[in-house]
Amino acid sequence: MAMIGSGNDHLPVGAPGASVPRGGFSRRRLLALAAAAAAAVGTVLFLCGYARFAAGIEAREPAATPRTDAIVVVTGGSQRVGDAIGLLGAERGARLLISGVNEKTSREELARLNPASRDLLGCCVDLDYRARNTIGNAIETRRWALRHGFRSLLVVTSNYHMPRTLAEFGHAMPGVRFVAHPVVTDQLDPSGWWRRWATIKVLMPEYAKYLVARLRSLVESDPENSHLSVIIGGRKPVSPKPAEVLGPEAERRSHLRGGPSRDG
């Protein structure tokens with residue numbers, strides 16, 4: 001009598017060599033979960049760091065400022081320069097560097113904006129036209145400090161920009177003592193770092209730039225030869241043009257001598 005069927009009729013049929021994942025997790029799923037967990041941890045760390053960074057932004061300018069060898073102000077706001085010139089007039093430093101000046105801004109224009117400080121601008125202020133960003137500010141300030149032998153600098157910039165500025169300056173000049181003089185304006189209220197969108201959209205990108213600056217300093221010893229700064233900023237942090245051919249006064253002297261302009 002012929003037998004119909006067999007004991008193997010109900011076994012699953014699959015491709016040769018196929019296997020069923022054990023425990024319900026495939027390798028791809030485990031990798032995806034690990035990536036998601038790493039992203040979550042990274043986000044939490046970033047937000048915690050941001051909270052600490054934002055809470056540390058000075059909400060008031062210092063009541064008293066100690067004397068240093070010299071003063072440097074990083075351009076980016078008219079009040080910064082005015083405050084720095086005022087500190088020079090108060091003899092908080094022997095000389096002032098205004099770093100990152102626009103090539104079209106002359107000393108005479110600065111004197112018109114600060115008429116009471118015309119004499120100071122003529123005798124004790126140096127203009128840096130070469131720096132293009134904060135890294136460039138640090139490079140040009142180092143050259144200036146070495147040229148004059150300054151060992152302590154009063155740093156003037158906006159309160160939210162101060163942490164990154166000090167990070168870049170400290171990396172470029174580890175042997176120089178820096179004293180922060182944060183400039184505080186009504187345009188940014190650091191006390192609302194967690195609830196005001198106008199504050200968040202300024203502080204969050206600034207914190208990211210600060211982190212990049214700190215991380216870059218761990219892998220590069222000298223910002224003047226930094227390859228990462230070019231990648232990050234999209235161009236060299238310092239203009240390749242010589243300092244003596246930059247600025248309205250240099251261009252005017254060139255025309256008076258009958259020489260080519262700096263763009264020639």
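One-based numbering along the sequence shown. Side-chain atoms are counted along with the backbone in the values below, which use heavy atoms only and exclude waters and symmetry mates.
With sequence neighbours left out, Arg214 forms a side chain to side chain contact (heavy atoms under 4.5 Å, CB included) with Ala167, Tyr210. By the ring pair (Phe, Tyr, Trp, His ring centres under 6.0 Å) test, Tyr207 is found to be paired with Phe46, Phe53, residues two or more places apart in sequence or in another chain being considered. Checked against salt bridge (charged side-chain N to carboxylate O under 4.0 Å, His left out), Arg196 has the following partners two or more places apart in sequence or in another chain: Asp189. Taking the side chain to side chain donor-acceptor pair (under 3.5 Å) definition, one finds that Ser158 meets it with Arg80, sequence neighbours left out. In this view, Asp222 and Arg142 satisfy the salt bridge (charged side-chain N to carboxylate O under 4.0 Å, His left out) rule, not counting sequence neighbours. For Glu220, the side chain to side chain contact (heavy atoms under 4.5 Å, CB included) partners two or more places apart in sequence, or in a different chain, are Arg216, Ser226, His227, Leu228. Listed by chain and residue number, Val72, Met162, Thr165, Leu166, Phe169, Phe178 satisfy the side chain to side chain contact (heavy atoms under 4.5 Å, CB included) test with Val155 (two or more places apart in sequence, or in another chain). Legend: residues meeting side chain to side chain donor-acceptor pair (under 3.5 Å) with Arg118, ordered by chain and number and at least two apart, are Glu108. Scored by the side chain to side chain contact (heavy atoms under 4.5 Å, CB included) test, Val202 finds Tyr160, Leu188 as partners (sequence neighbours excluded).
Tracing side-chain contacts under 4.5 Å through hydrophobic residues (I, L, V, M, F, W, Y), one never reaches Leu97 starting from Leu88; they form parts of separate clusters. Two different hydrophobic clusters hold Val238 and Leu146 under the rule that ILVMFWY side chains link at heavy-atom gaps under 4.5 Å. With hydrophobic clusters built from ILVMFWY side chains whose heavy atoms lie under 4.5 angstrom apart, Val73 shares a cluster with Leu246. In this structure, Leu211 is a member of the same hydrophobic cluster as Tyr50, with clusters built from ILVMFWY side-chain heavy atoms closer than 4.5 Å. Leu87 and Phe150 fall into different hydrophobic clusters, where Ile, Leu, Val, Met, Phe, Trp and Tyr side chains are chained together by heavy-atom contacts under 4.5 Å.
For the pair Trp193 and Leu203, the tightest heavy-atom approach, listed with the atom from each and the gap, is CB-CD1, 3.8 Å. Across Thr75 and Gly100, no two heavy atoms sit closer than the pair OG1-O, 2.7 Å. Taking every heavy atom of both residues into account, Ala59 and Val184 meet most closely at O-CG1, 3.3 Å. Counting all heavy atoms, side chain and backbone alike, His181 lies closest to Thr65 at ND1-OG1, 3.3 Å. Of all heavy-atom pairs between Gly93 and Ile71, the closest is N-CD1, 3.8 Å. Across Leu120 and Gly89, no two heavy atoms sit closer than the pair CD1-CA, 3.6 Å.
Residue pairs meeting the salt bridge (Lys or Arg N to Asp or Glu O under 4.0 Å) criterion with at least one member in residues 47-67: none, sequence neighbours excluded. Residue pairs satisfying the salt bridge (Lys or Arg N to Asp or Glu O under 4.0 Å) criterion with at least one member in residues 230-239, sequence neighbours excluded, are absent. Applying the side-chain hydrogen bond (donor to acceptor under 3.5 Å, both in side chains) definition to pairs two or more places apart or across chains, those involving residues 123-134 are Arg95-Asp126, Ser99-Asp128, Asp126-Trp144, Thr134-His161, Thr134-Arg164.
Taking CG of Leu96 as the start and OG of Ser117 as the end, the distance is 10.0 Å to the nearest 0.5 Å. If you take NE2 on His171 and CG on Leu218, they are separated by 8.5 Å, rounding to the nearest 0.5 Å.
With Asp69 contributing its side chain and Leu153 its backbone, the two residues share no donor-acceptor pair below 3.5 Å. Judged purely by atom type and a 3.5 angstrom limit, Arg177 has no side-chain atom pairing as donor or acceptor with the backbone of Thr68. Checked by atom type and distance alone, the side chain of Arg28 never pairs as donor or acceptor with a backbone atom of Ser26 at under 3.5 Å.
No side-chain heavy atom of Leu215 sits less than 4.5 Å from a side-chain heavy atom of Val212. At least one side-chain heavy atom of Ile98 sits less than 4.5 Å from a side-chain heavy atom of Leu110. The shortest side-chain heavy-atom distance between Asn137 and Glu168 does not fall under the 4.5 Å cut-off.
Within a 6.0 Å sphere centred on CD of Gln187, other residues, nucleotides and ligands contribute 12 heavy atoms or fewer.
Electrostatic pairing of Arg143 and Glu224 counts as a salt bridge here, judged by a charged N lying under 4.0 Å from a carboxylate O.
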